A.B. asks: 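There's a structure below that I have some questions on.
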Amino acid sequence: MTIGQKNSALVLGSSGGLGAAILMELVNDPSIDRVFAVSRSQCPQQLIDGGERGKVVWLQTEYSESAMVEVTKSLAPHSGGFSRVCICHGVLHTDTLKPEKRLEDLNEASLQSVFHSNAVIPGIWLKLLFPILKGSTDCIVAALSARVGSISDNNLGGWYAYRASKAALNMILKTAAIEYGRRVKNVKLIAFHPGTTDTDLSKPFQATVPTGKLFTPSFVAEQLAIIMDTVKMDGTVSFLDWNGQSIDW
Ligand SMILES: NC(=O)c1ccc[n+]([C@@H]2O[C@H](COP(=O)([O-])OP(=O)(O)OC[C@H]3O[C@@H](n4cnc5c(N)ncnc54)[C@H](OP(=O)(O)O)[C@@H]3O)[C@@H](O)[C@H]2O)c1
């Protein structure tokens, strides 16, 4: 960060359950001057009414690559001043798409759409942010992944598109970390598993979650903030859960 430059944070996918909680965690962090929030949705009224608008810069987009380029043009004047980036995109189910229980459920359109939201869009962000994050400010980039994306941890099966897209996201992060480590040394990447959290994404699957294991988004956002504050800047990517514990790739 240069003298007089503001300490900025960025939340990509800021309208989701976790994205919104992470946004508020960053807004409430006194060391952060400004939070850029990127979403398909409009800025929520309560954010405007709550007075956080002065700190939050809301950017609406539809996530085509050209639209994402336009977002990064708005961020470019603040290059080198970002200390926190959270990539929160993730789709598990929609009105027309359910996680697969068996091979016969695999469907070309569903696979493509889940891969697009969960791996392609985060990958394009990592590319576009490359020049914007480069600088002297230590910057932690956390992409919301999932334990089910761990190849070595897969004993249950099912959820082909979601699992495979998160494994692809993890590989994109692993590969990007090598390049960031060489060319943008002030960045640390994290593949973050939030644990089962009470959001729209987990709603249809919450019945089987053991008591005490369904987290609130604000709890997970606080845990992530602690991890980002304490993680070692080692030029690699770490796959960490909500408790800061490593997960096997
Ligand atoms: N909740 C859990 O139990 C749980 C567990 C493990 C991992 N995760 C991961 O945590 C992350 C956040 O999930 P959540 O629980 O907050 O889910 P959510 O409330 O359903 O939020 C969905 C997120 O994905 C984005 N999104 C949705 N459809 C999209 C599309 N077509 N293209 C691009 N972005 C899209 C949304 O961004 P907009 O702001 O643009 O709408 C929002 O950030 C995901 O990566 C998820 O896989 C969640």
Side-chain angles (χ1 to χ4, degrees), residues 10-26 35-44 47 56 58-65 67-68 71 85-99 109-126 128 141-150 153-154 156 159 161-170 172-173 190-210 212-221 223-224 227 239-243 247:
L10 171 63
V11 181
L12 299 160
S14 51
S15 292
L18 279 159
I22 291 167
L23 173 63
M24 287 320 296
E25 183 69 28
L26 292 165
V35 189
F36 292 88
V38 177
S39 177
R40 297 167 300 170
S41 304
Q42 287 181 348
C43 184
L47 207 56
V56 176
W58 192 272
L59 303 168
Q60 202 174 349
T61 181
E62 32 84 3
Y63 302 127
S64 64
E65 187 165 352
M68 292 163 80
V71 168
V85 176
C86 297
I87 306 176
C88 303
H89 309 284
V91 170
L92 172 60
H93 60 88
T94 66
D95 292 345
T96 55
L97 182 160
K98 285 191 174 46
S110 303
L111 277 164
Q112 281 181 351
S113 109
V114 172
F115 263 76
H116 189 257
S117 311
N118 296 7
V120 175
I121 290 175
I124 299 295
W125 283 131
L126 289 171
L128 296 174
V141 178
L144 274 77
S145 182
R147 190 185 294 278
V148 296
S150 163
D153 195 65
N154 184 1
L156 275 179
W159 291 20
Y162 187 73
R163 276 183 194 281
S165 64
K166 291 295 188 182
L169 168 67
N170 287 356
I172 288 172
L173 289 164
I190 299 174
F192 179 69
H193 168 62
T196 308
T197 310
D198 186 9
T199 66
D200 289 347
L201 182 138
S202 69
K203 277 268 165 352
F205 313 99
Q206 291 179 359
T208 54
V209 179
K213 293 286 181 193
L214 180 66
F215 301 140
T216 63
S218 57
F219 167 75
V220 174
Q223 292 296 113
L224 178 60
I227 290 168
F239 189 11
L240 301 175
D241 72 5
W242 57 274
N243 204 21
I247 300 173

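Because the structure is predicted, anything quoted here is derived from the model rather than measured. All ligand and atom numbering here is 1-based and tracks the order in the structure.
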A.B. asks: Does His93 use its side chain to pair, donor to acceptor, with the backbone of Leu201 at less than 3.5 Å?
C.D. replies: yes

A.B. asks: Once you restrict to heavy atoms under 4.0 Å, what part of Leu144 touches ligand 1? Side chain, backbone, both or neither.
C.D. replies: both

A.B. asks: Does His116 come within less than 4.0 Å of ligand 1, judged by its heavy atoms?
C.D. replies: no

A.B. asks: Any nitrogen or oxygen of His193, side chain or backbone, less than 3.5 Å from one on ligand 1?
C.D. replies: no

A.B. asks: Report yes if some heavy atom in the side chain of Val11 is under 4.5 Å from a heavy atom in the side chain of Cys88; otherwise report no.
C.D. replies: yes

A.B. asks: Is the shortest distance from a heavy atom of Tyr162 to ligand 1 less than 4.0 Å?
C.D. replies: yes

A.B. asks: Which value, rounded to the nearest 0.5 Å, describes the distance between Ser145 atom OG and Ile172 atom CD1?
C.D. replies: 11.0 Å

A.B. asks: Determine whether a donor-acceptor pair (N or O, by modelled atom type, separation under 3.5 Å) exists between the side chain of Asn118 and the backbone of Val91.
C.D. replies: yes

A.B. asks: List ligand 1 atoms under 4.0 Å from Ser145, heavy atoms only on the residue side.
C.D. replies: 7 (C), 8 (N), 9 (C)

A.B. asks: Please confirm whether Arg40 comes within less than 3.5 Å of ligand 1 when only nitrogen or oxygen atoms on both sides are compared.
C.D. replies: yes

A.B. asks: Which is closest to atom 8 (N) of ligand 1 in terms of heavy atoms, Ser202, Cys88, Pro194?
C.D. replies: Pro194

A.B. asks: May I ask which of Ser14, Gly19, Gly90 has a heavy atom nearer to atom 44 (C) of ligand 1 than the others do?
C.D. replies: Gly90

A.B. asks: Are any of the N/O atoms in Leu18 less than 3.5 Å from those in ligand 1?
C.D. replies: yes

A.B. asks: Return yes if some donor-acceptor pair links the side-chain N/O of Ser14 with the main-chain N/O of Val38 below 3.5 Å, else return no.
C.D. replies: yes

A.B. asks: Distance check, rounded to the nearest 0.5 Å: Leu173 atom CG versus Lys166 atom NZ?
C.D. replies: 10.0 Å

A.B. asks: Any atom of ligand 1 sitting under 4.0 Å from a heavy atom of Gly195?
C.D. replies: yes

A.B. asks: Mind checking whether Ile121 has an N or O less than 3.5 Å away from an N or O of ligand 1?
C.D. replies: no

